[in-house]
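Just below is one structure, and these are the notes that go with it.
Hydrogens, waters and symmetry mates play no part in the numbers below; they use all other heavy atoms, side chains included. Naming: A, B, ... by sequence-line order, numbering from 1 per chain.
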Amino acid sequence: MRIGELSRLTGVSTRSIRYYEEQGLIVPERQLSGYRAYDESAVRQVHQIKVLLSAGLNTSVIAEILPCIADPDNVLAPPCPELLDGLAAERAKLSESIDRLEAARRIMDTLIVDSDKPFSARL
DNA sequence: ATTCTTACA
DNA sequence: TGTAAGTA
């Protein structure tokens with residue numbers, strides 16, 4: 001199949017699919033026409049990439065995770081044990097992001113809740 | 001009609 | 001990531 005069909009089947013834009021390729025996440029063949037040619041397995045791959053991306057992992061991390069996923073049918077299956085440390089580190093980064101966002105929200109809360117007071121009194 | 005590459009208000 | 005341009 002070509003990129004258009006893969007896009008329909010996965011719900012991922014052709015733009016993103018080409019980006020995945022640029023990041024070395026998926027490697028399609030090429031027809032003499034120059035068009036990218038994907039086999040049915042590409043649907044799964046794109047779905048996996050989508051899940052990994054939603055887990056907050058960047059493409060470089062995903063690139064090393066993909067070839068190490070235990071169960072290709074279940075993206076949530078544990079990958080190679082060698083990568084566990086790295087994944088734990090990524091998880092830690094997520095926690096840091098969450099902390100920063102929560103702090104930002106607390107500030108916004110005070111800005112909203114005390115909106116009846118003058119700015120000078122809210123700082 | 002589709003895809004390809006490249007570039008950017 | 002979307003989208004426009006100019007092709008094949």
*How does DNA chain C look in dot-bracket notation if pairs are Watson-Crick or G-U with both distances under 3.5 Å, crossing ones as [ ], other-strand ones as |?*
.|||||.|
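Remark: Glu90(A) engages Lys93(A) in a salt bridge, criterion side-chain N to carboxylate O under 4.0 Å.
Following rounding to the nearest Å, Ile3(A) (CD1) and dT5(B) (P) show an atom-to-atom distance of 9 Å.
Listed here is the closest heavy atom pair of Arg36(A) and Pro28(A): CG-CG, 3.5 Å. Of all heavy-atom pairs between Ala70(A) and Pro78(A), the closest is CB-O, 2.8 Å.
Each of Asp39(A), Thr14(A), Ile17(A) was scored for a side chain to side chain contact (heavy atoms under 4.5 Å, CB included) with Leu6(A), with one residue passing: Ile17(A). For the side chain to side chain contact (heavy atoms under 4.5 Å, CB included) with Leu57(A), the lone residue among Thr59(A), Leu53(A), Val61(A) that qualifies is Val61(A).
Shown for residues 14-36 of chain A: residues whose heavy atoms fall under 4.0 angstrom of DNA chain B, namely Arg18(A), Arg30(A), Gly34(A), Tyr35(A), Arg36(A).
For Arg30(A), the CZ atom sits in a packed shell: over 12 heavy atoms of surrounding residues, nucleotides or ligands are nearer than 6.0 Å.
Judged by distance alone, the side chain of Lys50(A) and the main-chain N or O of Thr10(A) form a donor-acceptor pair under 3.5 Å.
A distance of 4.0 Å separates CG of Leu87(A) from CD1 of Ile65(A), quoted to the nearest 0.5 Å.
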